[in-house]
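Have a look at the structure below before the remarks.
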Amino acid sequence: MTQRKGTISVQTSDIFPIIKKWLYSEHDIFIRELVANATDAISKRATIARTQNQEIPEGKIEVKVNKTKKIITITDNGLGMSEEEVEKYIAQLAFSGAEEFVKKMQDSGTETNDIIGKFGLGFYSAFMVSDKVEVETLSMNEGATPVHWSCEGDTEYLFSESKKETIGTTITLHINEESVEFLDQFKLSATLRNFCDFMPYPILVSDEEKTTETVKDKDGNETQKAIEPTQVNDTTPLWRKDPSTLKDEDYKDFYRKLYPMDGEPLFWIHLKVDHPFTLEGILYFPKINRNKPFNESNIRLYCKQVFVSDNVKNIIPEFLSLLKGSIDSSDIPLNVSRSSLQGDPNVRRISSYIIKKVGEALKKLYKKDRPRYEQIWEDIGLFIKYGCVSDVKFDELMRERVIFKNSENKYMTLTEYAESIPENYKEKLKDKIIYFEKDKSDYSLKSELLNEKIQTIEIDEYIDPHFIQHVETHKVGDKQFSFSSIDSEIGNIFEEQNTTESDVKIKELFSNILYKDVKEDDPTRSDIEIGNLKNSSTAAYFKVDEQMKRMANMVKSMGQDTPFPIKKTLVVNSSNALVQNALKISEKGGNEALVEKICHHVGDLALISSEGLTSENKESFVKRSQDLIQELSSQLI
Ligand code: ADP
Ligand code: MG
């Protein structure tokens with residue numbers, strides 16, 4: 001064959017500098033593109049060989065570096081190309097694809113980052129790192145002649161003779177000054193591992209200049225030993241395998257390999273579907289690291305085992321963004337901008353399929369292994385509730401399976417809660433769920449309730465305010481629940497309603513003492529009410545307005561300060577001995593100081609068992625406690 005020059009027919013003559021500039025930040029994708037092409041070529045060869053009943057060679061991709069010559073070669077034993085094919089696919093098609101790509105980039109203006117590297121560029125990306133690219137190839141077609149093609153990154157190229165004897169293609173990259181880092185075998189291997197970690201044929205990396213190493217044998221003699229190329233990929237990722245052949249240990253091993261710094265995964269889902277779209281993958285529920293931001297994505301997206309992106313925002317709904325693992329689908333459009341991904345029907349279908357699968361898997365776990373479900377609830381609960389609030393389908397699957405810790409630290413669903421209410425209270429508490437806020441609600445009331453065998457459920461301050469609101473507008477099973485904080489009006493269920501003469505006196509006494517120096521309209525001033533609790537051990541508690549509290553919680557869960565103080569009422573228990581003593585001493589007269597101390601103490605006790613004392617309150621509380629005990633003990637001496 002004689003040499004032949006050709007011209008690339010592109011209209012955008014400055015295409016090379018544009019691509020180099022735009023893609024600079026992601027120029028390591030060249031390796032993915034070239035290895036992906038090699039992979040395609042190998043599987044195409046296998047398909048053709050099969051139809052022709054030919055022998056199918058074992059596919060293999062060799063990547064070699066040579067620092068001195070500044071070259072990287074990528075060799076495959078795929079189907080190869082004839083001269084016409086190189087002309088058509090490499091010189092014209094690949095280039096026109098690149099041209100189209102550049103046009104898109106120019107049109108889209110600011111969205112460059114979104115289009116970059118999503119399979120729009122292919123072979124062309126080789127020029128991002130090379131001054132010159134050579135293709136040497138021998139087609140699998142009978143009687144084919146080998147071809148050599150080279151191009152120095154402008155619109156001219158050259159065909160020349162080749163002596164290639166084996167079927168397949170070798171791409172030689174003459175690495176440019178800015179990209180010499182890739183000539184380092186370790187850097188190259190790391191890049192390959194990132195982009196090609198699960199490509200379907202072995203990728204073997206070697207350094208042409210380091211083919212042997214010196215080793216000492218057991219007698220201490222030095223001998224030369226050949227260095228074997230290192231394989232950088234795992235050709236059969238777990239998601240490709242048949243789930244029925246896999247054991248828990250296989251899933252855990254795979255997880256460890258992907259996330260060596262993590263502990264064990266809690267739970268996983270193996271996705272497999274081939275109609276109406278293709279999707280394979282494994283999603284893991286990790287143990288949540290509460291110190292790490294939630295919004296970073298840990299799911300890697302593949303297309304036929306070729307790594308595409310670790311941004312799966314539009315495919316995985318936000319509430320599942322805590323999951324880790326891989327998704328492999330050839331039906332996700334890769335070369336379009338991300339904003340249009342959202343509208344893509346396949347992406348929407350895939351997304352709802354994933355949501356459904358995750359929901360079903362959790363439902364199954366709930367049914368089959370409730371203890372395990374409860375064991376991991378701490379980690380999965382947050383996103384299950386988040387999922388219920390944000391996705392209708394997921395909500396349908398999981399709403400009834402959301403569990404809460406009760407006052408005895410056992411988990412129960414809302415339906416189980418309703419069933420646990422003792423018969424004599426069922427009518428009074430009709431489908432009302434009493435909740436308790438950790439570090440905020442009055443725990444003395446919690447034990448009051450427990451005395452009556454009424455549980456309370458514990459809620460958090462992040463997602464539960466939203467979840468509660470959601471449940472109040474959606475039935476759980478056939479029940480329409482409503483919620484009441486333990487320290488809201490619900491406290492009334494223990495009180496006997498008739499007010500006695502001494503109740504009036506107690507109220508007066510406490511108001512006069514506690515709010516002696518506080519103005520009527522001071523927002524810190526609470527109303528005082530007299531309650532007559534069945535259980536006399538609680539001296540007083542704070543009752544809050546349910547609606548106001550909810551509003552405040554909502555505001556807080558969105559990370560803002562409450563703009564208003566929540567109205568509280570101090571309920572003083574007239575059946576409590578301490579309260580009664582205060583009244584008696586005061587009626588006897590002559591020891592006002594002690595009465596004052598008791599009243600303030602009762603007020604502080606109510607604070608302590610709910611939100612806790614403020615720092616000023618704390619000081620006076622400590623001093624008063626000292627005084628009181630001292631007074632008491634000195635009387636006994
Ligand atoms: P795409 O892979 O999206 O088709 P590329 O620009 O990556 O676009 O490649 C263009 C074409 O060049 C391929 O479709 C294929 O026909 C041919 N090609 C590229 N690399 C190889 C290879 N290693 N072996 C055989 N054909 C190849
Ligand atoms: Mg390609």
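Just so you know, ligand 1 is whichever comes first in the structure, and atom 1 is the first atom listed for that ligand.
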Should one rank Ile42, Ile74, Ile171, Asn37 by closest heavy-atom distance to atom 2 (O) of ligand 1, which comes out on top?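 Comparing heavy atoms across Ile42, Ile74, Ile171, Asn37, the nearest one to atom 2 (O) of ligand 1 lies in Asn37.
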
Selected option - heavy-atom contact closest to atom 12 (O) of ligand 1, from Tyr89, Phe123, Tyr124: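 Checking each option, the heavy atom nearest atom 12 (O) of ligand 1 is found in Tyr89.
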
Keeping Tyr373 on the side-chain end and Lys364 on the backbone end, is there a donor-acceptor pair under 3.5 Å?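 Not confirmed, Tyr373 side chain does not pair with Lys364 backbone.
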
Looking only at atom types and distance, does a side-chain atom of Ser189 sit under 3.5 Å from a main-chain N or O of Gln185, one as donor and one as acceptor? yes

Centroid separation under 6.0 Å, is that true for the rings of Tyr353 and Phe277? yes

For the residue pair Arg300 and Phe307, would you count it as a cation-pi contact if the rule is NZ or CZ under 6.0 angstrom from the ring centre and within 45 degrees of the ring axis?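 That pair qualifies as a cation-pi contact.
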
Polar proximity ligand 1 side, Asp76 side, N/O cut 3.5 Å exclusive: yes

Parallel, tilted or perpendicular: which one describes the rings of Phe319 and Phe394, with boundaries at 30° and 60°? tilted

Short list, please: which atoms of ligand 1 are under 4.0 Å from a heavy atom of Ile90? 12 (O), 19 (C)

Taking the non-hydrogen atoms of Met81, is any one of them nearer than 4.0 angstrom to ligand 1? yes

